[in-house]
There are 2 protein chains.
Amino acid sequence: MAESSNAIGVAESRTELSNRSRASQGFPFGTTLDWRRLTQIQGLSLRQSVINKPTTVLRQGQIASSFFVLVDGWGVKYKQLGNGRRQILSFLLPGDPATLGALSQQPMAHSVQLLPDSVVDEFDPDAINRKVQDSEDLQAFISATYDNELARADELLTSLGRRSAKERIAHLMLEFDARLSSRSAIVDGYIVMPLRQRHLADALGLTTIHVNRTLRALRDENLIDVRGGVLRILHRDRLVALANFEDSYLSVGTLPA
Amino acid sequence: MAESSNAIGVAESRTELSNRSRASQGFPFGTTLDWRRLTQIQGLSLRQSVINKPTTVLRQGQIASSFFVLVDGWGVKYKQLGNGRRQILSFLLPGDPATLGALSQQPMAHSVQLLPDSVVDEFDPDAINRKVQDSEDLQAFISATYDNELARADELLTSLGRRSAKERIAHLMLEFDARLSSRSAIVDGYIVMPLRQRHLADALGLTTIHVNRTLRALRDENLIDVRGGVLRILHRDRLVALANFEDSYLSVGTLPA
DNA sequence: GCCGAAGCTTAAAATTGGTTAATTCAGAAA
DNA sequence: TTTCTGAATTAACCAATTTTAAGCTTCGGC
């Protein structure tokens, strides 16, 4: 095809790119970005592990030793500050890559910890990098993952900067719900959420005490019920209204359904 | 080389990858991630424009039409919320890509605005995507850019979540200083910073009034002087101590000097 | 069944930061 | 010059959130 630079030509070549990205080379990245599909490829996974106790798989300032994919359970990506302060940057859910930075083999500015009862698959970053060279789909999948992570970081940023404590909590719970739903990991409206109030506080820029109060307020209003490691969304529409929740940011990077 | 899985074997093959990434294909991504080098490539840039008035080059929910590189000036990446609230997600400085998302041609969850007196270079995303297929270096450069943007988003998140107003402002000013220095864009200790207090407020999760108060306090302490679109860092060491500023996050993605 | 640790809950008191509102200032337009 | 507008500044007051300090509950280990 000629390298035309008029509007129509550009549009055509975009369509072509789009098709190329969708072409099946093992990683058509449809409506989800579920890295567990990497587990399916024969001989690529080094091992699968069950996590018993909180396990740090990456320390800030260090290079990730392996590329980990969270198969089941929860993880947190965070920064530790001097005076004991901690900021949780993102929560890892099943299907998420835990150490994306392993691919670039450079020191990262954050730590990653997996919570008990998680399951991870471990890969050799070089093996993946070699595969990337052969697969445009895998390249696109990685870029899409980056876009998605950035979009979520940006939304959390928005919560911390411009939402009230109540809105932040409501918003985060709705995000969990949406992310887990899209990977069909919700049973009976229960969400198993093994987080302490401390986790929510450290993610949302609040104190545990205020998280506690706010959770109580949300429960009193019959919106959500967080208790015993289980999250129940009781009245989603009112919750969505309260938080001004708009789920489109979660599909940044994915292709339309 | 055999696919050995012991520690030494893995380390060796990592070294090999590292060398491959450094190999010169036009984008060895040394100690900076300056996208203006893309401008040098003959016939790739569509046009260069000087921005007179605030110009939105990407609207949230839409697909970026072009890949823009900020050659000179300032830009903001932000989210607009319902009730008039705005959250600035990142400031764009010379050398930064303004619409990285143009490469994936998918709707973005944020907007990008360039401020007056900026200069941008405009590229056809498809042309770049074609080049990516031929150049492992360019692929690595893009990944490095993503890593870097994520690291900066994470640091801002940390500011909003766990730093006081004073620390936030001090930290941001030091980031500007560091980012501009690494691209040798500072003259005589002056930093031309055409931002309103509103910009700082919307980035740092504060009100303009409080930003004003805090700037005043910092000026009274002889730490910085922000006035008339110019930032002066008066006493860097004390400022670094106040903000607990640690610049390593800014080199995430780049190779050691 | 007791104990200790971790997590949760509650209640002041203290602080940070937000709101409202009025004043000044600088530059553009008339 | 005068006027107009957006931005910066200041002050007084107020609200949200943190801090501090207890008490309480749950649960695994002994």
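The chains referred to below are lettered A, B, ... by the order of the sequence lines, with proteins before strands, and numbering in each begins at 1.
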Between the side chain of B/Asp96 and the main-chain N/O of B/Leu93, is any donor-acceptor distance below 3.5 Å?
yes
Checking A/Arg59 side chain against A/Thr56 main chain: does a donor-acceptor pair fall under 3.5 Å?
no
Salt bridge check, [Y] against [X]: does any charged N sit closer than 4.0 Å to a carboxylate O?
{"X": "A/Glu167", "Y": "B/Arg85", "result": "yes"}
{"X": "B/Glu221", "Y": "B/Lys166", "result": "yes"}
{"X": "B/Asp121", "Y": "B/Arg47", "result": "no"}

Nearest whole angstrom, please: distance from the [atom2] of [N] to the [atom1] of [X].
{"X": "A/Leu195", "N": "C/dC8", "atom1": "CG", "atom2": "P", "value": "10 Å"}
{"X": "A/Arg198", "N": "C/dA5", "atom1": "CZ", "atom2": "P", "value": "19 Å"}
{"X": "B/Arg163", "N": "C/dG17", "atom1": "CZ", "atom2": "P", "value": "14 Å"}
{"X": "B/His199", "N": "D/dA7", "atom1": "NE2", "atom2": "P", "value": "9 Å"}
{"X": "A/Asp202", "N": "D/dT18", "atom1": "CG", "atom2": "P", "value": "11 Å"}
{"X": "B/Leu200", "N": "C/dG18", "atom1": "CG", "atom2": "P", "value": "14 Å"}
{"X": "A/Arg213", "N": "C/dA13", "atom1": "CZ", "atom2": "C1'", "value": "12 Å"}
{"X": "A/Asn52", "N": "D/dG28", "atom1": "CG", "atom2": "P", "value": "15 Å"}

Any side-chain N or O of [X] below 4.0 angstrom from OP1/OP2 of [N]?
{"X": "A/Gln197", "N": "C/dT9", "result": "yes"}
{"X": "A/Arg219", "N": "C/dC8", "result": "no"}
{"X": "B/Asn212", "N": "D/dA8", "result": "no"}

Stepwise, does the side-chain contact (heavy atoms from CB on, under 4.5 Å) test hold for A/Asp124 with A/Phe67?
CA-CA 6 Å; A/Asp124 171 10; A/Phe67 182 83; over 6 Å; no
Report each atom pair, protein N/O against N/O of nucleotides 20-24 of chain C, whose distance is under 3.5 angstrom.
none

By the 4.0 Å heavy-atom rule, please label [X] as base, sugar-phosphate, or nothing.
{"X": "B/Ser164", "result": "sugar-phosphate"}
{"X": "A/Gly229", "result": "nothing"}
{"X": "A/Arg216", "result": "sugar-phosphate"}

Testing C/dG18, D/dA7, D/dT18 for proximity to the side chain of B/Arg196, the answer is D/dA7
Choose from D/dT17, D/dT19, D/dA12 the nucleotide whose nearest atom is closest to any side-chain atom of A/Thr207.
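That would be D/dT19.
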Least distance between heavy atoms, B/Arg152 atom then B/Tyr249 atom
CG-CE1, 3.9 Å
